[in-house]
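Take a look at the structure below.
As a basis for the values below, the full set of heavy atoms in this structure was taken, side chains included, without hydrogen atoms, waters or symmetry mates. This is a predicted model, so every value here is computed, not measured.
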Amino acid sequence: MILPITLVEPQLQLLCHGRLDRLFRPRRGTLERLGPGDRLWVREPFHLHHKWNGLSPSAAEQLGALPEFAADGASENDWHLGPRRFARNLLRVWHRQHLVVDRVEHRRLQTITQQEVRMQGFTSPAQFAAAWDRNLSLNQGGIQGRAGWFNDPEVLVIHFTRIPAPLPPALLPGEPA
């Protein structure tokens with residue numbers, strides 16, 4: 001199985017520097033079916049050249065556009081770039097890295113240790129909790145009760161190995177060679 005996964009700061013910087021090896025995600029949807037050997041293609045925030053403003057990513061890609069990634073320092077302050085675009089809008093053809101799932105565990109969210117909080121790029125459990133709830137709000141249009149930090153939901157802890165390049169189609173399940 002290959003699925004998209006969205007990463008945001010500060011996790012994205014840690015991933016790009018080889019210092020992130022697990023992610024915490026709500027236990028629901030397609031990620032619940034993950035198992036060892038499954039692959040995730042990484043969606044990350046990006047910018048397009050300002051001449052592509054007003055176009056959808058797919059329309060811009062058909063005209064030859066290529067993204068510049070926020071994790072590499074691209075910003076709307078660069079004269080030639082348009083506004084930052086959400087990671088969820090990154091086209092699969094533009095992705096640049098994969099994660100290969102090593103194992104998946106189920107845990108309560110609030111069992112995250114101080115060391116794991118730091119490994120996720122946060123300085124305190126409170127900062128991690130605020131980011132958790134903010135990202136739920138962005139992804140679901142509002143915190144969906146049971147998945148919020150305060151309710152200590154059961155979550156997936158996805159342990160992975162990073163592949164810092166798109167995998168060739170022959171290595172992707174269900175992809176033509």
Side-chain angles (χ1 to χ4, degrees), residues 1-49 52 56-58 60-62 65-76 78 81-106 109 112 116-122 127-128 131-140 147 155-177:
M1 168 170 29
I2 182 162
L3 297 169
I5 193 156
T6 300
L7 292 186
V8 295
E9 295 298 337
Q11 295 169 327
L12 194 50
Q13 285 292 333
L14 292 171
L15 179 72
C16 290
H17 290 98
R19 296 192 320 257
L20 184 68
D21 65 357
R22 72 192 69 161
L23 295 168
F24 292 75
R25 289 295 189 267
R27 186 178 174 200
R28 66 167 188 274
T30 56
L31 290 181
E32 269 194 279
R33 300 190 318 253
L34 282 178
D38 288 336
R39 285 144 172 89
L40 301 166
W41 65 273
V42 177
R43 295 189 297 193
E44 56 186 293
F46 66 100
H47 297 268
L48 294 176
H49 192 282
W52 309 119
S56 69
S58 55
E61 189 270 335
Q62 289 178 350
L66 292 172
E68 292 194 36
F69 293 99
D72 294 341
S75 81
E76 51 269 347
D78 295 333
L81 294 179
R84 181 178 174 130
R85 302 208 184 197
F86 292 112
R88 68 178 173 262
N89 295 323
L90 184 74
L91 300 177
R92 185 170 173 187
V93 298
W94 285 342
H95 81 283
R96 59 183 181 163
Q97 51 194 335
H98 278 95
L99 309 178
V100 178
V101 176
D102 297 324
R103 69 185 165 97
V104 179
E105 54 179 303
H106 296 201
L109 180 59
I112 189 169
E116 288 174 318
V117 165
R118 282 192 302 272
M119 290 172 58
Q120 295 295 303
F122 299 96
Q127 187 186 40
F128 177 85
W132 177 270
D133 286 346
R134 184 177 52 254
N135 288 331
L136 281 178
S137 178
L138 290 173
N139 290 329
Q140 300 175 356
V155 297
L156 302 173
V157 183
I158 304 165
H159 297 259
F160 60 85
T161 301
R162 174 181 175 245
I163 308 297
L167 291 169
L171 295 179
L172 298 176
E175 294 285 321

Validation row: Leu40, Phe160 side chains within 4.5 angstrom (heavy atoms): no
Run Ile112 and Phe122 through side chain to side chain contact (heavy atoms under 4.5 Å, CB included) and show every step you take. CA-CA 12 Å; Ile112 189 169; Phe122 299 96; over 6 Å; no
Could you tell me whether His17 atom NE2 has more than 12 heavy atoms of other residues or ligands within 6.0 Å of it? no
Pairwise side-chain contact, Arg43 with Asn89, heavy-atom cut-off 4.5 Å (strictly under): no
Nearest-0.5 Å distance that lies between atom CE in Met1 and atom CZ in Arg33: 5.0 Å
Using a 3.5 Å distance criterion without hydrogens, assess whether the side chain of Arg22 forms a donor-acceptor pair with backbone atoms of Leu20. no
Within the structure provided, determine whether Leu109 and Phe128 are in side-chain contact (heavy-atom separation under 4.5 Å). yes
Do the non-hydrogen side-chain atoms of Leu3 and Asp38 ever get within less than 4.5 Å of each other? no
If you round to the nearest 0.5 Å, how far is CZ of Arg28 from CG of Leu156? 9.5 Å
His47 (side chain) donor-acceptor with Arg84 (main chain) under 3.5 angstrom: yes
Determine yes or no for a side-chain-to-main-chain donor-acceptor pair under 3.5 angstrom, with Trp132 supplying the side chain and Ala147 the backbone. yes
Working to the nearest 0.5 Å, report the span between CD of Gln120 and CG of Leu14. 8.0 Å
Within the side chain of Glu76, is there an N or O that forms a donor-acceptor pair under 3.5 Å with the backbone of Leu81? no
Measure the spacing between CD of Glu44 and CD of Gln11 and express it to the nearest 0.5 Å. 12.5 Å
Is there a side chain to side chain contact (heavy atoms under 4.5 Å, CB included) between Arg25 and Ile5? Walk through the geometry before answering. CA-CA 10 Å; Arg25 289 295 189 267; Ile5 193 156; 3.8 Å; yes
Can you give me the closest heavy-atom contact between Ala65 and Leu48, atom names plus distance? CB-CD2, 4.3 Å
With Leu15, the side-chain contact (heavy atoms from CB on, under 4.5 Å) member among Leu23, Leu99, Asp21: Leu99
For Pro45, the option from Thr6, Leu7, Leu12 that meets side-chain contact (heavy atoms from CB on, under 4.5 Å): Leu12
So how far is it from Phe46 CZ to Arg96 CZ, rounded to the nearest 0.5 Å? 12.0 Å
A side-chain contact here means heavy atoms from C-beta on lying under 4.5 Å apart; do Val101 and Arg39 qualify? no
What I'd like to find out is whether the side chain of Phe69 reaches to under 4.5 Å of the side chain of Cys16, using heavy atoms alone. no
Work out which heavy atom in Pro57 is nearest to a heavy atom in Trp94; give both atom names and the distance. O-CH2, 3.5 Å
Do Ile2 and His98 pass the side chain to side chain contact (heavy atoms under 4.5 Å, CB included) test, and can you show the C-alpha distance, the side-chain angles, and the key distance before you say yes or no? CA-CA 9 Å; Ile2 182 162; His98 278 95; 3.4 Å; yes
Within-4.5 Å side-chain heavy-atom neighbours: Ile158 and Leu34: yes
Mark yes or no for whether His95, through its side chain, and Val42, through its backbone, hold a donor-acceptor pair below 3.5 Å. no
